[in-house]
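Note sheet for the following structure.
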Amino acid sequence: MKFGFVSLLGRPNVGKSTLFNALVGTKLAIVSSKPQTTRNRISGIVTTETGQIVFWDLPGIHKAFGVMNKRMVSIALNAIDNVNLAVWVIDAQKNAAVDEFIMGHIKTKNPPLILAINKIDLIPKDDLFPMVDRYSKAYEFLEIVPVSALKNDNVDDLRNSILKHLPEGEPVFSPDDLTDIPERVLVAEMVREKIYKFTHQEIPYSTAVQVLTFEEKPKLISISAEIWVDKPNQKGILIGASGEMIKRIGTHARKDIEELLGNKCFLELNVKVKQGWREKPAILDTLGIRS
């Protein structure tokens with residue numbers, strides 16, 4: 001049997017979360033076309049007849065400004081030291097040259113590394129071979145695996161490659177476990193995903209979600225959550241005219257939450273102003289965004 005922890009690292013918006021969900025086989029990480037959606041580590045557990053993999057989806061590595069963004073990058077970089085294997089995910093459309101910014105961080109840690117070239121469905125096949133050649137000369141990768149997370153192309157091959165390079169070990173989690181992340185956290189993430197989907201400009205980046213109550217009953221789960229915004233005017237935008245925006249967010253989030261939890265759900269959302277919350281370490285600690 002094989003067992004190990006595997007981190008997915010790379011720049012924001014290269015499809016790490018989509019690939020993470022494809023590798024795990026279910027939607028645990030939120031996805032968005034907007035960059036810097038992932039703020040913390042999300043884990044997903046895959047158990048097969050030959051081993052168990054604990055995948056970590058991580059924030060994108062970028063030049064960070066501000067307390068929250070610096071913590072996000074720290075979470076991603078520190079994870080490299082705490083896994084058996086790392087998967088560097090790159091966007092096939094944006095890699096005419098080796099990404100020296102990410103490569104610099106990787107070389108300071110020198111982890112066992114697989115390169116996943118994502119979004120290969122969006123480039124001509126002839127563009128792939130020079131890319132593989134450039135990256136193979138830049139680092140001693142265990143393997144280079146082209147994939148399309150969105151189309152689920154070569155995802156099984158990537159998972160098998162990862163398992164092959166993990167050390168021998170007994171499973172730590174039950175075969176039925178999909179994650180060790182609390183349900184409250186996953187619920188908050190699903191609400192935040194809908195904020196990213198339906199709002200624009202600074203609003204998604206200025207919001208956070210905290211679940212206040214999570215009450216399980218036989219036929220219904222009752223959830224109350226607060227959405228924090230940075231400025232008073234953002235509260236009005238998030239609520240919308242006659243409450244239409246907050247209702248839209250809640251309706252779509254509730255459907256995903258019910259699918260995840262396998263039960264009917266009552267979801268109450270309230271918006272609260274917490275000015276400057278992204279720069280306050282105590283609030284970030286409450287949200288689990290810790291270095």
Side-chain angles (χ1 to χ4, degrees), residues 2-24 28-29 35-46 48 51-64 71-92 94-95 98-120 131-132 134-149 154-169 172-173 179-181 290-291:
K2 298 289 192 78
F3 175 81
F5 292 87
V6 176
S7 64
L8 272 61
L9 61 92
R11 282 190 180 270
N13 223 28
V14 296
K16 295 187 303 299
S17 295
T18 303
L19 181 58
F20 168 87
N21 289 335
L23 286 165
V24 175
L28 294 173
Q36 299 174 30
T37 305
T38 305
R39 291 178 178 168
N40 211 337
R41 177 180 64 82
I42 298 293
S43 66
I45 303 163
V46 174
T48 71
Q52 187 175 80
I53 311 171
V54 183
F55 288 104
W56 287 356
D57 186 30
L58 299 166
I61 300 170
H62 60 284
K63 293 179 181 179
R71 285 193 176 195
M72 287 161 54
V73 173
S74 177
I75 288 166
L77 293 176
N78 288 340
I80 300 174
D81 298 323
N82 293 289
V83 293
N84 302 96
L85 178 77
V87 178
W88 179 10
V89 185
I90 65 171
D91 184 340
K94 300 177 181 178
N95 280 278
V98 172
D99 188 334
E100 296 296 345
F101 176 71
I102 304 294
M103 181 64 79
H105 285 293
I106 287 171
K107 285 185 174 179
T108 62
K109 296 175 179 290
N110 200 35
L113 191 65
I114 289 175
L115 181 68
I117 304 176
N118 193 24
K119 305 185 185 181
I120 58 169
M131 196 181 309
V132 170
R134 282 193 298 273
Y135 273 87
S136 63
K137 292 174 180 176
Y139 191 86
E140 194 172 338
F141 294 100
L142 296 173
E143 293 189 40
I144 297 178
V145 185
V147 298
S148 171
N154 291 352
V155 172
D156 289 343
D157 291 342
L158 176 59
R159 192 186 304 108
N160 291 335
S161 295
I162 291 166
L163 193 59
K164 180 174 67 177
H165 292 288
L166 290 180
E168 293 185 0
V172 172
F173 297 95
T179 184
D180 61 351
I181 301 297
R290 302 183 181 93
S291 303

Q | Geometric class of the Phe55/Phe20 ring pair [parallel <30°, tilted 30-60°, perpendicular >60°] | A | perpendicular

Q. Within the side chain of Asn118, is there an N or O that forms a donor-acceptor pair under 3.5 Å with the backbone of Ala149?
A. yes

Q) Between Lys2 and Glu168, is any pair of side-chain heavy atoms under 4.5 Å apart? A) yes

Q: Provide the closest heavy-atom pair for Val155 versus Ser148 in the form atom of the first, atom of the second, distance.
A: CG2-O, 4.2 Å

Q.
Is the ring pair Phe141/Tyr135 parallel, tilted or perpendicular, if the boundaries are 30 and 60 degrees?
A. tilted

Q) Hey, are the side chains of Val172 and Phe3 touching, using non-hydrogen atoms and a 4.5 Å cut-off? A) yes

Q. Quick one: salt bridge (Lys or Arg N to Asp or Glu O under 4.0 Å) partners of Arg39, sequence neighbours excluded?
A. none

Q.
I need the Trp56 CH2 to Ile80 CD1 distance, nearest 0.5 Å.
A. 11.5 Å

(Q) Any heavy-atom pair between the side chains of Asn21 and Leu28 that's under 4.5 Å? (A) yes

Q: State, with a plain yes or no, whether a side-chain heavy atom of Ser136 is found less than 4.5 Å away from one of Ile144.
A: yes

(Q) If you compare all heavy atoms of Gly60 against all heavy atoms of Val73, which two are closest, and at what distance to 0.1 Å? (A) O-CG2, 4.1 Å

Q: Any chance you could measure Lys119, atom NZ, to Asp91, atom CG, to the nearest 0.5 Å?
A: 4.0 Å

**Q.** Nearest non-hydrogen partners of Pro112 and Asn84, listed with the distance
**A.** CG-O, 3.7 Å

Q) Within a strict 4.5 Å, meaning less than it, do heavy atoms of the Ile106 and Pro111 side chains meet? A) yes

Q) Who are the salt bridge (Lys or Arg N to Asp or Glu O under 4.0 Å) partners of Lys63, not counting sequence neighbours? A) none

Q.
Using 0.5 Å steps for rounding, measure from the CG atom of Asp81 to the NZ atom of Lys109.
A. 3.5 Å

Q: Can you see which heavy atom on Leu58 is nearest to which on Ala79, and at what distance?
A: CD1-CB, 3.5 Å

Q) Can you find a pair of side-chain heavy atoms, one from Tyr139 and one from Asn110, that are under 4.5 Å apart? A) yes

Q) Looking only at heavy atoms, what is the nearest atom pair of Pro146 and Asn154, with distance? A) O-ND2, 2.8 Å

Side chains of residues 6-13: which donor-acceptor partners sit under 3.5 Å, not counting sequence neighbours?
residue	atom	partner	partner atom	Å
Arg11	NE	Asp99	OD2	2.5
Arg11	NH2	Asp99	OD1	3.3
Asn13	ND2	Ser33	O	3.1

**Q.** Side chains of Ile90 and Ile117 in contact at under 4.5 Å (non-hydrogen atoms)
**A.** yes

Q. What is the distance from atom CE of Met131 to atom CG of Leu115, rounded to the nearest 0.5 Å?
A. 9.5 Å

Q.
I need the Met72 CE to Leu77 CG distance, nearest 0.5 Å.
A. 12.0 Å

Q.
With rounding to the nearest 0.5 angstrom, report the NE2 to CG distance, His165 to Asn160.
A. 11.0 Å

Q | Contact check, side chains of Leu142 and Leu85, non-hydrogen atoms, under 4.5 Å | A | yes

(Q) Show the nearest heavy-atom pair for residues Arg41 and Ile75, with the distance to one decimal. (A) N-CG2, 4.2 Å

Q) So, does Arg159 use its side chain to make a donor-acceptor pair with the main chain of Leu23 at under 3.5 Å? A) yes

**Q.** Pair Lys16 + Asp57: basic N to acidic O under 4.0 Å
**A.** no

